[in-house]
Each structure stands twice: as C-alpha cells, then as structure tokens.
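Working notes, beginning with the structure itself.
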Amino acid sequence: MAQGGIFILSGAGLSAESGLRTFRAADGLWEDHRVEDVATPEAFERDPDLVQRFYNERRRQAAEAQPNAAHKALARLQKSHDAPVYLVTQNVDDLLERGGAKQVIHMHGAVMDALCAACVHRWRAPREMHVTDPCPSCSAPKTRPDIVWFGEIPYHMDVIQDAIEDSDLFVSIGTSGTVYPAAGFGHMARQLGIRTLELNLEASNAPFDEVREGRASDIVPAWVDEVLG
Ligand code: BV8
C-alpha cells in the first residue's frame, strides 16, 4: 500500500450522495442551464443577475447539504496517513472541510466565497449575492462568486503540479474526466510512473492501473480502511 504521498482528485460524484447534483447526469446541472449562460465570464458580462441567481441557488444547496461518509473518510486519511494526502477538488462546495479535512485545494473555486472583479479582494459570500454589492476593500460594485468559469485559468496549478510530482499514488474519485486541465492530471501521473486508481460509480474511459466501481460513500471508506490498515 502507498507509503509516499497520495494525490486525490475529486469531482461532483463525491458530493452526489449529499444531495448536490452532478453535471452530466440525466438530472445534471447542465440539463437546466447552458454552460455558456451561467459559467463563463462572457455570461457574467451579459447577464450578471442570471449568473448570480444560479450561484445563489448553488450556495443555498451546498449550505443545506451534509458531508457524506466519503468526505469524512478522506478527512480521516489526510489526518492519519504518514505521508502528505493532497485533496484537490473540482467541487465548489465546502463538504470536505465540513467533513473534517484541513487542507483542500479548490482548483475551480469555492461557492461560499465572493471575489471582487475590480481588485481581486476575496471575502465570505453573503447568502444572496448581487453584482452591485460593494467590495469591502475597494467599494467597486463588481462582486462575483469566487468560481473558475470556462475559459478562465484554474487556481493553484503550480501547487497541484508539485503535489502530483510528490506523490506515488494518484486517485480519481467521482469525476467523469471531461473538463481540462483537471482531466489531464491522470495522464500526467502515468507519465511520471505513478500508480493510478479510479473510484467511481462507473469507470470513466481513462486508463487507470485499477478501477473500483461503486458509490463513493461505500468504496471510499473501504479503500481508506485498507490504506490505514
Ligand atoms: C482553461 C466551476 C485555459 C463552475 C468548473 C482541452 C481540450 C478540450 C477543451 C479544453 C481543453 N482545455 C481547456 C478546454 C476548455 C474547458 C474544457 O475542459 N471544456 C470541456 C467541457 C471540454 N476548460 C476550461 O475552460 C478551463 N480553463 O482551460 O483555461 C488554461 C488552462 C490551464 C492552464 C492555462 C490556461 C476551466 C475549467 C473549469 C470550469 N469550471 N466548475 C461550477 O461549478 O459551476 S468545471 C465543472 O464541471 C466542475 O468543477 C468539474 O470540473 C466539471 C464537472 O465534471 P465532474 O465533476 O467530473 O462531474 P460530472 O457530472 O461530469 O461527472 C460526475 C462523475 O461522478 C461521473 O463519472 C459519475 O459516474 C460519478 N458519480 C455520480 N454519482 C456518484 C459518482 N461516483 C461515485 N459515487 C456516486 N454516488
């Protein structure tokens, strides 16, 4: 079992059993909204109120959701494994932190945070956010959710690159592997000769050394028990 660092990339499937909809499932988020209408900087320029309503609703859902057994197991692994466990997530919810995880890298942002598009100041988001909310730092009325939209560069790419290089196990949990650059991390790990494992409801089409299919709340705690022995 892994003695060195463990790099864990997670996606919407990790939070599905907490009641947060995934993106591409039949009842996925992108069913109700065209990505380009709610998750691009152009959409925000065009109709900021529509985008704010979309994320105010996502924020309400995330606040009402509870961490599931998979979130808690990953927090336990990070606390008890005798090497670094890098929890990198594409999810904008805070369920890993509320599940007890101390360090979580949100490469696509955090729905509970607000960002000033004028001075890049960040602060805790109000429940109901409006673009005209004045920035607490520069007072500009250019408030947006602290989310990485399509066409924008994901956060912490340098930290993520170093974390992959520092790991000897790459684990992908609850992600369809369709959005880049996140979908390229597995390939990067394989190039570096790092063992790769997928834990997902159904196998994505990426080549992993090992694939375990099932619901995150079942297969993630079982895998963590194995690692912690
Ligand atoms: C960028 C925040 C330049 C918003 C998100 C190369 C090729 C093609 C396209 C591109 C490319 N490079 C860039 C692009 C464009 C684009 C892209 O990838 N488009 C796709 C659609 C083809 N990428 C970008 O625009 C990115 N920016 O490239 O900038 C750059 C990059 C690097 C360096 C310099 C410059 C920015 C992308 C980020 C966009 N923001 N989120 C919001 O959340 O509203 S992406 C968003 O969608 C999520 O964060 C996540 O990343 C993605 C959804 O995917 P998943 O999380 O995997 O969810 P999905 O529903 O698809 O799958 C769920 C999985 O869970 C399934 O497999 C299912 O089986 C499983 N599951 C379900 N239930 C369970 C389960 N598993 C276990 N248990 C269960 N119970």
Side-chain angles (χ1 to χ4, degrees), residues 8-44 50-62 65 67-71 73-74 88-96 104-113 115 125 129 144-161 171-188 197-206 208 211-223:
I8 299 177
L9 176 69
S10 58
L14 175 65
S15 297
E17 295 161 79
S18 296
L20 299 185
R21 295 159 65 187
T22 64
F23 291 75
R24 280 172 187 74
D27 66 344
L29 274 168
W30 297 149
E31 291 310 306
D32 309 359
H33 308 275
R34 288 173 342 122
V35 170
E36 47 278 10
D37 293 343
V38 291
T40 63
E42 297 75 20
F44 190 63
L50 170 66
V51 172
Q52 294 283 19
R53 278 200 304 281
F54 175 68
Y55 285 101
N56 286 344
E57 177 55 18
R58 299 268 303 278
R59 190 173 307 113
R60 189 187 60 70
Q61 289 166 3
N68 62 52
H71 297 110
L74 293 175
V88 176
T89 189
Q90 301 167 78
N91 299 344
V92 298
D93 64 60
D94 60 349
L95 295 176
L96 277 167
V104 179
I105 298 171
H106 287 271
M107 69 179 293
H108 292 164
V111 77
M112 294 301 179
D113 294 343
L115 173 68
M129 184 191 290
R144 57 170 279 180
D146 185 14
I147 299 280
V148 176
W149 286 321
F150 287 89
E152 296 184 320
I153 298 176
Y155 295 156
H156 315 301
M157 288 299 289
D158 48 356
V159 172
I160 290 170
Q161 173 85 26
V171 185
S172 173
I173 299 176
T175 183
S176 61
T178 47
V179 170
Y180 288 79
F185 294 165
H187 180 69
M188 212 188 281
L197 166 66
E198 179 174 47
L199 305 176
N200 214 52
L201 196 59
E202 75 260 339
S204 67
N205 44 31
F208 286 88
V211 175
R212 299 184 189 182
E213 293 189 319
R215 292 149 37 99
S217 66
D218 300 332
I219 60 177
V220 173
W223 169 70

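Computed from heavy atoms alone, side chains included, the values below leave out hydrogens, waters and symmetry copies. Sequence positions, counted from 1, serve as the residue numbers for this chain. We count ligands from 1, going down the list as the structure has it; atoms in each ligand are counted the same way.
Between Pro181 and ligand 1, no N or O atom pair is found at a separation short of 3.5 Å. The distance criterion of under 3.5 Å between nitrogen or oxygen atoms is met by Glu152 with respect to ligand 1. When only interatomic distances are considered, the shortest N/O to N/O separation between Val179 and ligand 1 does not fall below 3.5 Å. At a 3.5 angstrom cut-off on N or O pairs, Leu201 counts as close to ligand 1. Looking at Phe23 next to ligand 1, an N or O pair under 3.5 Å apart turns up. Considering backbone and side-chain N/O atoms, Asn91 never comes within less than 3.5 Å of an N/O atom of ligand 1.
The atoms of ligand 1 that sit less than 4.0 Å from any heavy atom of Ala16 are 73 (N). Atom numbering of ligand 1 starts at 1 in the shown order; those under 4.0 Å from a heavy atom of Arg215 are 78 (N). Those atoms of ligand 1 with a heavy atom of Gly174 less than 4.0 angstrom away are 63 (C), 64 (C), 65 (O), 76 (N). Taking a cut-off of under 4.0 Å to the non-hydrogen atoms of Ala12, the atoms of ligand 1 that pass are 55 (P), 56 (O), 58 (O). Taking every heavy atom of Thr178 and a limit of under 4.0 angstrom, the matching atoms of ligand 1 come to 20 (C), 22 (C). Taking every heavy atom of Arg58 and a limit of under 4.0 angstrom, the matching atoms of ligand 1 come to 42 (C), 43 (O), 44 (O). Annotation for ligand 1: atoms under 4.0 Å from non-hydrogen atoms of Gly214 are 77 (C), 78 (N). Short contacts between ligand 1 and Gln90, defined as distances under 4.0 Å to a heavy atom of the residue, involve ligand atoms 48 (C), 49 (O), 50 (C), 51 (O).
How far CZ of Arg215 is from CG of Leu199: 14.5 Å, rounded to the nearest 0.5 Å. Taking NE2 of His108 as the start and CD1 of Ile147 as the end, the distance is 10.0 Å to the nearest 0.5 Å. Note that NE2 of His156 and CE of Met107 are 9.5 Å apart. Values are rounded to the nearest 0.5 Å. With values rounded to the nearest 0.5 angstrom, Asp146 atom CG is found 5.0 Å from Leu115 atom CG. Note that CG of Asn56 and CZ of Arg53 are 9.5 Å apart. Values are rounded to the nearest 0.5 Å. The CD1 atom of Ile173 lies 6.5 Å from the CG atom of Leu14; values are rounded to the nearest 0.5 Å.
When the heavy-atom distances from atom 66 (C) of ligand 1 to Val38, Asn200, Val148 are ranked, the shortest goes to Asn200. Within the set Tyr155, Tyr180, Trp149, the minimum heavy-atom distance to atom 11 (C) of ligand 1 is found for Tyr180. For atom 4 (C) of ligand 1, the nearest non-hydrogen atom from the set Leu9, Val35, Thr40, Ile147 comes from Ile147. Nearest residue to atom 78 (N) of ligand 1 from Ala216, Ala203, Ala110, Gly11 is Ala216 (criterion: closest heavy atom).
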Does the salt bridge (charged side-chain N to carboxylate O under 4.0 Å, His left out) test come out yes or no for Glu152 and Arg144, once each step is laid out?
CA-CA 14 Å; Glu152 296 184 320; Arg144 57 170 279 180; 2.9 Å; yes
side-chain contact (heavy atoms from CB on, under 4.5 Å) between Val171 and Trp223: does it pass, once the steps are laid out?
CA-CA 11 Å; Val171 185; Trp223 169 70; 3.8 Å; yes
Would you sort out whether Ser217 and His71 count as a side-chain hydrogen bond (donor to acceptor under 3.5 Å, both in side chains), showing the intermediate values?
CA-CA 8 Å; Ser217 66; His71 297 110; over 6 Å; no
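In the model, Glu198 has a side-chain atom that pairs as donor or acceptor with a side-chain atom of Ser204 under 3.5 Å.
Taking the side chain as every heavy atom from C-beta outward, Leu201 and Glu213 never approach each other to under 4.5 Å.
At a heavy-atom cutoff of 4.0 Å, ligand 1 is contacted by the side chain of Glu17 but not by its backbone.
Note on ligand 1: Gly151 sits in its first shell, one or more heavy atoms being nearer than 4.0 Å.
Without hydrogens or angle criteria, Thr89 side chain to Asn91 main chain gives a donor-acceptor distance under 3.5 Å.
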